[in-house]
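Down below is the structure, laid out as structure tokens.
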Protein chains: 2
Amino acid sequence: MDSTKKHLLIVDDQREIRESLKAYLVRHDYRITLADSTEAARAALKTAAIDLVILDIMMPGEDGLSLCRELRAQGSMPIILLTAMAEDTDRIIGLEMGSDDYITKPFNPRELLARIRAVLRRAGTLPARNEQPKTSCLHFDKWVLDSARRELIGPDQVSIALSTGEFLLLSAFLQRPGMVLSRDQLLDITRGRDAIAFDRSVDNQISRLRKKIERDPKNPELIKTHWGGGYSFTARVSEK
Amino acid sequence: MDSTKKHLLIVDDQREIRESLKAYLVRHDYRITLADSTEAARAALKTAAIDLVILDIMMPGEDGLSLCRELRAQGSMPIILLTAMAEDTDRIIGLEMGSDDYITKPFNPRELLARIRAVLRRAGTLPARNEQPKTSCLHFDKWVLDSARRELIGPDQVSIALSTGEFLLLSAFLQRPGMVLSRDQLLDITRGRDAIAFDRSVDNQISRLRKKIERDPKNPELIKTHWGGGYSFTARVSEK
DNA sequence: GTCGGTGTGATACAATTTGTTACATTTTTA
DNA sequence: TAAAAATGTAACAAATTGTATCACACCGAC
């Protein structure tokens with residue numbers, strides 16, 4: 001799937017809210033994960049790379065605020081957008097500045113969407129946020145693949161534009177250096193589980209990618225063909 | 001570290017508030033010093049060059065307001081932003097308040113940030129974008145943009161009226177000639193970090209601006225579109 | 001109220017990316 | 001060596017995605 005999609009975690013104890021929010025935001029092209037409690041949220045945060053948390057402060061059991069504080073305390077990265085009933089707003093009185101914004105319920109979806117965008121944009125342009133995925137930059141040969149910027153920088157410091165598919169394909173290789181990947185596997189990776197396409201489409205993608213990164217596309221050195229098996233990436237890869 | 005970072009002093013008796021405020025503002029690239037009382041604040045003001053004081057008016061012991069008055073009386077420079085519970089707000093009003101602005105608790109982090117920026121900017125301490133024009137006239141092609149008068153003069157010496165938004169947009173381009181600016185960046189620049197708007201609005205602004213400055217708006221020569229990336233200004237720009 | 005400026009949705013359009021076919025080429029196998 | 005199987009890639013078609021701009025609604029200033 002498209003890895004540029006922002007991944008939101010919605011934490012709310014009311015099923016209806018979760019579901020309708022999800023439905024709405026999915027239509028607007030976000031990846032959504034749901035959690036009905038702070039514990040579920042914690043679990044989700046561990047297993048997935050969440051970009052933004054939409055967190056209800058009023059929940060039975062453990063309260064949203066404490067999770068918010070906790071995340072901040074441990075210097076976690078995701079952006080936090082609190083939601084609260086207007087009446088409960090005073091509870092933020094200790095002013096929970098751990099969040100990046102808050103919005104009072106009931107809110108209209110459009111405003112929420114706008115807030116999400118604003119807050120993500122702000123974070124995106126902010127150089128200061130000390131996160132940066134450890135795996136943001138992958139080096140091979142004299143190339144650098146900057147996953148964050150979706151950009152490939154060549155030996156001569158020239159940046160090469162990659163299409164989404166090419167980017168995903170190359171990433172797949174770099175994350176599994178030396179491993180032989182079948183066409184089916186590559187299809188899964190680049191086009192998602194239930195992609196409908198024939199093998200030759202992978203061949204083509206490979207061909208296109210080779211044209212961009214191989215010194216001599218006719219005699220590929222980086223992406224090797226395994227006859228009857230698939231392809232593998234041969235250069236040494238290092239994270240940085 | 002970065003000496004251009006603004007240095008804020010947070011004065012509040014509640015530890016939680018101090019800490020969460022600090023956490024939040026640090027993330028937004030400010031240097032922070034904390035004080036839990038007016039005495040501590042006075043000490044901090046002596047030893048560090050504080051740009052702005054965020055001062056709680058309601059504190060046990062000596063009150064924030066008196067410190068505020070005192071600072072003003074001695075003609076001290078730091079800008080002061082008062083914080084107060086909504087109920088205590090009357091105390092400020094009517095009072096000859098030496099502060100530059102105030103905000104009532106509980107406040108939205110976004111709003112506080114906006115106030116801080118506004119107040120710093122107003123005080124002229126903000127170095128404004130990439131060095132604001134010492135020279136207020138920017139030339140490109142046969143055009144002149146007079147920043148001081150917010151006026152655009154065309155090749156035929158006719159002056160073209162620009163709306164505020166159009167002016168900011170054009171300025172943004174002229175200050176970064178050749179640079180590709182994404183819609184998000186342009187939103188930041190022309191509408192501020194916290195703008196709530198969608199990409200289409202940038203498109204429209206561009207479209208409107210093109211109609212005013214391009215010879216043939218259908219085949220723009222000055223403002224170039226970078227597919228999937230944003231826009232850039234291509235003409236050579238000179239200050240004069 | 002009117003007015004200018006701006007944000008939004010719809011629609012039309014343009015560019016890019018990807019899937020497919022077709023055919024050349026390479027590799028394997030008999 | 002010839003036939004069969006698998007791969008490479010050009011070229012086109014289809015799908016996807018990004019952009020331009022219109023019309024209209026809204027908002028704040030007057």
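All values reported here derive from a predicted model rather than from experimental measurement. Here is how names work: the chains are called A, B, and so on, in the same order as the sequence lines, proteins then strands, and each is numbered from 1.
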For B/M179, is there any backbone N or O sitting under 3.5 Å from a side-chain donor or acceptor partner on B/S232?
no
Do A/V237 and A/H139 have side-chain heavy atoms sitting under 4.5 Å apart?
no
State whether the distance check finds a donor on one side and an acceptor on the other, under 3.5 Å, for side chain B/R208 versus base C/dG7.
yes
Any donor-acceptor N/O pair, A/R18 side chain to A/I10 backbone, under 3.5 Å:
no
Base contacts versus sugar-phosphate-only contacts with protein, heavy atoms under 4.0 Å: please encode nucleotides 22-30 of chain C as B, S and - from 5' to 3'.
B----SS--
If I take atom NZ in residue A/K224 and atom P in nucleotide D/dG8, what distance separates them, rounded to the nearest angstrom?
13 Å
Please state how far atom CG in A/L169 lies from atom C1' in C/dG19, giving the value in whole angstrom units.
15 Å
Where do A/R117 and B/F198 land on the side chain to side chain contact (heavy atoms under 4.5 Å, CB included) test, with the steps shown first?
CA-CA 8 Å; A/R117 289 180 42 87; B/F198 295 91; 3.4 Å; yes
To the nearest angstrom, the CG-C1' distance between A/D203 and D/dA11 comes to 16 Å
Looking for any heavy atom pair under 4.0 Å, which part of the strands does B/F167 touch: base, sugar-phosphate only, or nothing?
nothing
Rounded to the nearest angstrom, tell me the gap between atom CZ in A/R117 and atom C1' in C/dT8.
12 Å
Once you round it to whole Å, what is the distance between C1' of C/dT18 and CD1 of A/I206?
14 Å
Between CZ on residue B/F233 and CG on residue B/L209, distance to nearest 0.5 Å:
8.5 Å
Quick test of your reading of the model: are B/D203 and B/R183 salt-bridged, counting only N-O distances below 4.0 Å?
yes
Through what angle, rounded to 10 degrees, does the axis of the helix from C/dG1-D/dC30 to C/dA30-D/dT1 turn between its ends, using five pairs per end?
30°
Quick one: does any side-chain atom of B/E214 pair with a main-chain N or O of B/N219 as donor and acceptor, under 3.5 Å?
no
Here's a test of your reading of the structure: between B/P217 and A/P220, which maps to the more 5' nucleotide of DNA chain D?
A/P220
Just how far, in rounded Å, is P of D/dT19 from NZ of B/K211?
18 Å
Answer with base, sugar-phosphate or nothing: what part of the nucleic acid does B/R210 contact at a heavy-atom distance below 4.0 Å?
sugar-phosphate
Whole-Å distance separating the CG atom of A/N219 from the C1' atom of D/dT9:
15 Å
Between B/S201 and A/Q205, which residue's closest nucleotide on DNA chain C lies nearer the 5′ terminus?
B/S201
Could you work out, with salt bridge (Lys or Arg N to Asp or Glu O under 4.0 Å) as the rule, every residue matching A/R176, not counting sequence neighbours?
none
When A/E166 is tested against each of A/R210, A/R208, A/K212, A/K211 for salt bridge (charged side-chain N to carboxylate O under 4.0 Å, His left out), which residue passes?
A/K212
Would one find a side-chain N or O of B/T225 under 4.0 angstrom from OP1 or OP2 of D/dG18?
no
